[in-house]
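Data first, discussion second: the structure below is written as structure tokens.
None of these values were measured; they are calculated from a predicted model. We use all heavy atoms of the structure for the numbers below, so side chains are in, but hydrogens, waters and symmetry mates are not. Naming convention: chains lettered A, B, ... in sequence-line order (proteins, then strands); numbering from 1 in each chain.
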Amino acid sequence: MKRRVVITGLGICTGVGCGATGFWEGLITGRSGIGTVTVFDTSALPVRIGGQVKDLHPKEFGSAFPEAAGERDRKISLGLNAAAEAIRDGGLEASALAPALLVVGVSLETFFLNDVSPLAHAANLAWALRGIIQGGAGPCLQTPLDQLASVLGGYYGFGGGRYTNCSACAAGAQAIGEAFRRIRDGTAELALAGATDSVLNPLAMGGFSLLQILSTENDTPTMACRPFDATRVGTVLGEGAAFLLMETAEQARQRGARVYAEVLGYGSSLDAYRVTDPEPAGKGAALSMAKALSDAGLRQDDIDCVNAHGTGTPKNDVAETQAIKQALGKRAFQIPVTANKSMTGHLIAASGAVEAVASALSLFCAVVPPTINLTNRDPECDLDYVPGNSRPFRGRTVLSNSFGFGGQNATLIFGKHE
Amino acid sequence: MTTGEQERVVVTGIGLVTPLGNDAGLVLRRIRAGASAAGPPTGFDAGAFACPVCAQVEVFDPKLYVSEPKMVRLMNRDAQLAVAAAHLALEDAGVKPGPTYAPDDIALFGATGLAGLPLREVTPLICVSAAPDGSFDLARFGQSGLKVVSPILSFKILSNMPFCFVSINESIQGPNAIYTPWEGEGAQAIEAGIRALQAGDARCALVGGCDVKTHELAFASLQQHGLFSSWSKTSKGVVPAEGAAFLVLEIEKDALDRNARRYGCLSAQRLRPQCDREDLFQTRLAGLRSLKIREVEVLVGAGNGDAGQEEQESAMLEAAEISVRTKLYPKKQVGDLFAAAGVLQVALGAALTFAGAKTVLANCFGHGNTQAAFVLKRA
């Protein structure tokens, strides 16, 4: 018999708010976390807005996580913040994590262009690079993507396995899905799973702007991300991290832990279409949802809410709408479909984990957060997207979608714990 | 976890693109003959770094392996190698997505290394973004820098891209995940494939790794992370390499039903992170002990040329009371393929069981968070 898996701790840090309470208050009141990026001077870039986390103080982690002291990469600091919160929130001592499983989602390395500026007029790149690294004393050119897993492993243990998933925007959902499956199947008892990301740096923001998938409405940042709206022009990048503490329902009951929600199912699929575009009919995304439904042993009518990938790009929102209708049939028209990215921006790898936290809190607090900035519905996006204001929610399940650049899809299904 | 109580998973296809060749049998013959792929890099002056050599794939035309040749220009070198090796593995297994298994019944799990920043593509950006004093100037970057790079630069540096290209090229739509960035992550991809098959999530799993450590940025990073510390005038160390390795895995019954060649059976595996107060020796030793084996015919060892590694590995086997008849150390000759190394080790192990070895131990030890070992048996 499969074991039941529950969420007993939440940790989150986004532009909307840090800490589960602050984040949730922001989300259900429709507060946008998007503003002018101040991490660096964006004035010469075509895109100058993002979902930036305010008041992030990386140096504060130095004593608890000495390996991260002096770390410049914001995703490490964000991840440590969220991971530590989830563990605290779950009521566990650090030592309890020694045998646990850790699965971390990330997307791409952060390159600091100012580090490599000596390459500009170098006659020989190799020798110029040697000069930059100064035999080890120079700035770290490439922080390995498993750095957060290493730091967390060094502090907490995580002897049950440390995995770093880099499936782009599907990474967070895949990380949680993998932890869920391992606990359910009996190869793990306790897991911390989630993701972290920050693409608010010149190369990533500049690079993504070239793809013409970003909103350039720099003068109205809070309204720039408009999932499912007819006037949407693109997504807005963000940064953040979210982690979930997960364990068996039996263990949670025995230790009297607060349970936010149960994880019921997980599915993943590939579009196998193009690296630059979602499959327009949403077939790959629908397949991911169908696999999650099957994994959870649920029918279409059992789904009560969808937390959409909902990026605000013209192509994604139509394809996802098609996919939801394929996967859920007529049920798609009867349930709320909400898009958290309207407020957080697109957190790339972290988005699935952030939306998992939002889904769990929807079930725990009985509220569906709104999709903000949706005032002119796209005729091709004809579902109930919860425009403007949050709503009471008496449903028992939430399906959460994450679709990655390159065509990787992941779907999680959460249930009310009873 | 061992797979003993569950349905047996067999290797039915191997696809390699390595500095010592693209055929597992050929690579093994070259290793046994003492061949080495190490040589001075062709693209840059390695004299700048402590390690003077690397192992490159010399003759390689990615267009031979893609359904749409124009796709190649969108790919970094690691993606090109991955697409080729994945194609060779499926071809070797006789698996065609669609006719053999439904595309969504084929899982794809992979491992990629440290990116991917295509330095030579980015150098023009750095040049036009530099102020007269040589410092990076954000204003110049915004006004001129972004005009001189490819619009798809962001896609190229996303770590999952090699496997997305594989899925597109082969029309694979099943369960998937990509891990990063070291040797053990290739082992994680294999483990994920085994789990997907045994859980009934897929009927076939394409698992693989790819990496390119033969450019100057990789050399600088490896040196910065201390991986060249064994190199000196009198001693050698790790040889950075490039390449890709893929396996096709199936439940043995399915392989038998379609008369597929079975290279070997993945009979046990152990993936283990370094735990509190353990040193690396203890971590690896604990993993080997948990495999509960006494004798192997061939060891595909993880020794990569760093001083003392082979001796340590032998000491571990002795401490774990595992007797070994023959030892091979592919990394010393093929080079260290990092994220692809774990899969290459197991691929060579499978080729050895197919050639007659009764039991093979493939160690996927390396840097980073996971130390892994696999036991292969004759199918």
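- Remark: the backbone N or O of A:C166 is not paired with any side-chain donor or acceptor of B:S159 at under 3.5 angstrom.
- With a 4.5 angstrom heavy-atom cutoff, A:L102 does not touch chain B via any of its atoms.
- Ranked by heavy-atom pairs shorter than 4.5 Å toward chain A, the options B:G226, B:G47, B:G43, B:A199 are led by B:G47.
- Atoms CH2 and CZ, from A:W127 and B:F49 in turn, are 8.5 Å apart once rounded to the nearest 0.5 Å.
- For A:F112, no part lies under 4.5 angstrom from a heavy atom of chain B.
- For chain A, the nearby part of B:E191 is the side chain; its heavy atoms alone come within less than 4.5 Å.
- Under a 4.0 Å N-O distance rule, the pair B:D201/A:R181 qualifies as a salt bridge.
- Side-chain atoms of B:E216 do not come within 3.5 Å of backbone N or O of A:L129 as any donor-acceptor pair.
- Of all non-hydrogen atoms in B:A139 and A:A44, the two that sit nearest each other are CA-CB, 3.6 Å.
- Residue B:I172 touches chain A through both its backbone and its side chain, counting heavy-atom pairs closer than 4.5 Å.
- Looking at A:N165, both its backbone and its side chain come within 4.5 Å of chain B, counting heavy atoms on both sides.
- Inter-residue side-chain proximity for A:D146 and B:W182 is flagged as met; some heavy-atom pair is nearer than 4.5 Å.
- Using a 4.5 Å cut-off on side-chain heavy atoms (C-beta onward), A:E109 and B:I157 make no contact.
- Side chain to side chain, B:N160 and A:Q408 meet the donor-acceptor criterion of an N or O pair below 3.5 Å.
- Your options are A:A410, A:G154, A:G206, A:A170, and the one with the most heavy-atom pairs under 4.5 Å with chain B is A:G206.
- Contacts of A:F158 with chain B are made by backbone atoms alone, with heavy-atom separations under 4.5 Å and no side-chain atom involved.
- Counting only distance, with no hydrogens or angles, the side chain of A:K291 and the backbone of B:D104 share a donor-acceptor pair below 3.5 Å.
- Smallest separation of non-hydrogen atoms from A:R130 and B:A48: CD-O, 2.7 Å.
- Using a 4.5 Å cut-off between heavy atoms, A:A98 makes no contact with chain B at all.
- Across A:V275 and B:C164, no two heavy atoms sit closer than the pair CG1-CB, 4.2 Å.
- Rounded to the nearest 0.5 Å, atoms CD1 (A:I133) and OG (B:S221) are 8.0 Å apart.
- Residue A:Y163 holds its OH atom at 11.0 Å from CG of B:N369, rounded to the nearest 0.5 Å.
- Taking chain B as the reference chain and counting heavy-atom pairs below 4.5 Å, the highest number among A:D185, A:N124, A:V106, A:L203 is found for A:L203.
- Residue B:H225 touches chain A through its side chain alone, counting heavy-atom pairs closer than 4.5 Å.
- Residues A:G207 and B:L146 come closest through the heavy atom pair N-CD2, 4.2 Å.
- Once rounded to the nearest 0.5 Å, the distance linking OG of B:S154 with CG of A:L108 reads 7.5 Å.
- Top candidate by heavy-atom pairs under 4.5 Å with chain B, chosen from A:A168, A:S294, A:G267, is A:A168.
- Using a 4.5 Å cut-off between heavy atoms, A:L211 touches chain B through backbone and side chain atoms alike.
- Rounding to the nearest 0.5 Å gives a distance of 7.5 Å between CG of A:D271 and CD of B:Q173.
- Heavy-atom minimum distance, B:A130 versus A:H121: CB-NE2, 4.2 Å.
- Side-chain atoms of B:T112 and A:L145, non-hydrogen and from C-beta on, never get closer than 4.5 Å to each other.
- Interface residue A:Y273: only backbone heavy atoms are found under 4.5 Å from chain B.
- Listed options B:L138, B:L153, B:L74 were ranked by heavy-atom pairs under 4.5 angstrom with chain A; first place goes to B:L138.
- Counting only heavy atoms from C-beta outward, the side chains of B:E185 and A:T164 never approach each other to under 4.5 Å.
- With a threshold of 4.5 angstrom between heavy atoms, B:T180 approaches chain A through its backbone and through its side chain.
- The shortest non-hydrogen separation linking A:A120 to B:C127 is O-SG, 2.6 Å.
- Heavy atoms of other residues, nucleotides or ligands lying less than 6.0 angstrom from CD of A:Q212 number 12 at most.
- B:T283 does not touch chain A: none of its heavy atoms, backbone or side chain, sits under 4.5 Å away.
- Of the possible donor and acceptor atoms, none in the side chain of A:S117 sits under 3.5 Å from a partner among the backbone N and O of B:S135.
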Practice problem: Walk me through it: do A:L113 and B:F141 pass the test side-chain contact (heavy atoms from CB on, under 4.5 Å)? | Solution: CA-CA 10 Å; A:L113 288 171; B:F141 169 75; 3.7 Å; yes

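- Residue contact with chain B, scored on non-hydrogen atoms closer than 4.5 Å, involves the backbone and the side chain of A:S107 alike.
- Defined by atom type and a distance below 3.5 Å, a donor-acceptor pair is present between the side-chain atoms of B:Y179 and A:E178.
- A donor-acceptor contact shorter than 3.5 Å links the side chain of B:Q188 to the backbone of A:R162.
- Taken to the nearest 0.5 Å, the CG atom of B:D137 stands 11.5 Å off from the CG atom of A:N114.
- For chain B, the nearby parts of A:T276 are the backbone and the side chain; heavy atoms of each come within less than 4.5 Å.
- With a threshold of 4.5 angstrom between heavy atoms, A:P46 approaches chain B through side-chain atoms but not through N, CA, C or O.
- When only modelled atom types and interatomic distance are considered, A:S167 and B:N176 share no side-chain donor-acceptor pair under 3.5 Å.
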